[in-house]
Visitor: 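Mind having a look at this structure? Questions to follow.
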Amino acid sequence: MKANQNYKNIAQSYLFSTIAKKVNEFSQKNPDKKIIKLGIGDVTLPLCRAVVDALKSASDEMGVKETFHGYGPEQGYNFLKEEIQKYYQDNKVNLDIDEIFISDGAKSDIGNILDLFDKDNKVLVPDPVYPVYVDTNTMAGREIEFIDANAQNNFLPMPDNNIKADIIYLCSPNNPTGAVYNKEQLKQWVDFANKNNAIILFDAAYECFITDSNLPRSIFEIEGAKTCAIEFCSFSKMAGFTGTRCGWTVVPKTLEFDDMNLNKMWLRRQTTKFNGVPYIVQKGAQAVFSEEGKKQIKENLNYYKENAKMISEVLTKHNIWHIGGKHSPYIWLKCPNDMNSWDFFDYLLENIQIVGTPGAGFGKNGEKYFRLTSFGSKENTKEAVERLDKFLN
Ligand code: PLP
């Protein structure tokens, strides 16, 4: 047996372990100092009432012979897919029910989708980036080209004729930068992909943070996307499902490459390798779209948005260049005085006990940048903002 040698090429991720180590060392030396974590990428508010009620009543159903559910459809129950279909219709996107596949979260499908592609495809990934795109392709033995996201392009790289790519990753609103593509920009990517027989893998895990109705929440709002894009989405940040696990993937039926239909291939892949998301979890996800559910998740999203606003305001007050925060839970800032991102990390920890994420951990273009998130509690975020305000003076 020969092991998959590609695993030797995956970069070790020291980012979050190094952060944890530094924070630990500091708190051991300074047990009386309160550390505030603004680096968290996980939600902190609990599931909303409507979801909890649905989870409970679905659990009860599972304990009764007449309402018990065994194996469900691998691609998800229609009761949930129909809600997602309506959710897209609200943004004037029409999807067939069998273009929607329920998943146990965006991360799994972002990795799994690579089963559909040839090993020799050229992959294009923006830098800085959510590391999963890079690592999953490296595991499969694909080489990756990076496209620079930087201050010159407002962290929104655009296509040009020098790019040679078969698989293109786009994430909007972006993790880590919080940058959001507008419709004109996405249209350029869609046209580029259609012209070059490429596919766009569009990560919309943070679409729920978009408040400006002119900004696209789905790539399928763009004409031509149904012949060149697959979209991944998630209940994780939208409704606090990071631990409950549910998401969806849209694979249009019009995606044809080499006489092969990607929707049919994905269905075949899922029915072969996946046995579906638990009935109970899908009932919980369905409740997100009920009247109460919608209201309650909106309150939670607004809570995070308020946090983001506070952080953004203090940075603006002190003339610190930053993007994100408006249509995203992430705020991406330029480290003051041209500091390196790890130096700025140490500096904030030592002086005001605020923990963020050094941009360098997301790629070379993240150097000298820093990510703060709005997923903390209101009280902690407020205190952190006051500390920053005093300190930056
Ligand atoms: N995509 C991006 C850009 C993310 O930041 C995350 C999680 O942080 C995910 C996908 C994973 O989402 P899920 O919890 O649905 O697997």
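The residues of the chain are indexed from 1 along the displayed sequence. Both ligands and their constituent atoms are indexed starting at 1 by order of listing.
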Visitor: In the protein, which heavy atom is nearest to atom 9 (C) of ligand 1, and how far is it?
Guide: Y130 OH, 3.2 Å
Visitor: Would you say ligand 1 has an N or O under 3.5 Å from any N or O of C246?
Guide: no
Visitor: Provide the number and element of each atom of ligand 1 under 4.0 Å from a heavy atom of G105.
Guide: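 Near G105, the atoms of ligand 1 are 15 (O), 16 (O).
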Visitor: Output the list of atoms in ligand 1 that are nearer than 4.0 Å to some heavy atom of C171, sorted by atom number.
Guide: 3 (C)
Visitor: Looking at K183 and E221, does any basic side-chain N land under 4.0 Å from a carboxylate oxygen?
Guide: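 E221 and K183: salt-bridged.
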Visitor: Quick one: are the ring centres of Y330 and Y206 less than 6.0 Å apart?
Guide: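 Distance test on ring centres: under 6.0 Å, yes.
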Visitor: Looking at atom 16 (O) of ligand 1, what's its closest protein heavy atom, distance included?
Guide: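 The closest one turns out to be R245 NH2, 2.8 Å.
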Visitor: Determine, for K195 against D191, whether the closest basic-nitrogen to carboxylate-oxygen distance falls under 4.0 angstrom.
Guide: no
Visitor: Please confirm whether K237 comes within less than 3.5 Å of ligand 1 when only nitrogen or oxygen atoms on both sides are compared.
Guide: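 Between K237 and ligand 1 (N or O atoms, distance only) the closest approach is under 3.5 Å.
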Visitor: Under 4.0 Å from a heavy atom of S234: which atoms of ligand 1 are those, numbered in the order shown and with their elements?
Guide: 13 (P), 15 (O)
Visitor: Report the residues that fulfil ring-ring contact (aromatic ring centres under 6.0 Å, His included) with F220, sequence neighbours left out, ordered by chain and then residue number.
Guide: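 Applying ring-ring contact (aromatic ring centres under 6.0 Å, His included) to F220 gives none.
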Visitor: How far is atom 12 (O) of ligand 1 from the closest protein heavy atom, and which atom is that?
Guide: A106 CB, 3.9 Å
Visitor: Ignoring angles and geometry beyond distance, decide whether N175 reaches within less than 3.5 Å of ligand 1 through its nitrogen or oxygen atoms.
Guide: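 N/O-N/O distance under 3.5 Å: yes.
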Visitor: Would you please name every residue forming a salt bridge (charged side-chain N to carboxylate O under 4.0 Å, His left out) with K86, sequence neighbours left out?
Guide: E83
Visitor: Is it true that D203 lies under 4.0 Å from ligand 1, counting heavy atoms only?
Guide: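 A heavy atom of D203 does come that close to ligand 1.
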Visitor: I'd like to know if E61 and K283 make a salt bridge, using a cut-off of under 4.0 Å between side-chain N and carboxylate O.
Guide: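 Answer for the salt bridge query: no.
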Visitor: Report the part of S236 (side chain from C-beta onward, or backbone N, CA, C, O) that has a heavy atom under 4.0 Å from ligand 1; answer both or neither where that applies.
Guide: side chain
Visitor: Are D53 and R49 ion-paired here, with the side-chain N under 4.0 Å from a carboxylate O?
Guide: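 Looking at R49 together with D53, the answer is yes, because their closest N to O distance falls below 4.0 Å.
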Visitor: Hey, are D212 and K326 close enough for a salt bridge, meaning a charged N less than 4.0 Å from a carboxylate O?
Guide: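 No.
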Visitor: Does any N or O of ligand 1 fall below 3.5 Å from an N or O anywhere on Y133, backbone included?
Guide: no
Visitor: Roughly how far, to the nearest 0.5 Å, is CG of D258 from CG of N261?
Guide: 12.5 Å
Visitor: With atoms numbered from 1 as shown, which atoms in ligand 1 lie under 4.0 angstrom from a non-hydrogen atom of A205?
Guide: 1 (N), 10 (C)
Visitor: Less than 4.0 Å is my threshold; does some heavy atom of Y206 fall inside it relative to ligand 1?
Guide: yes
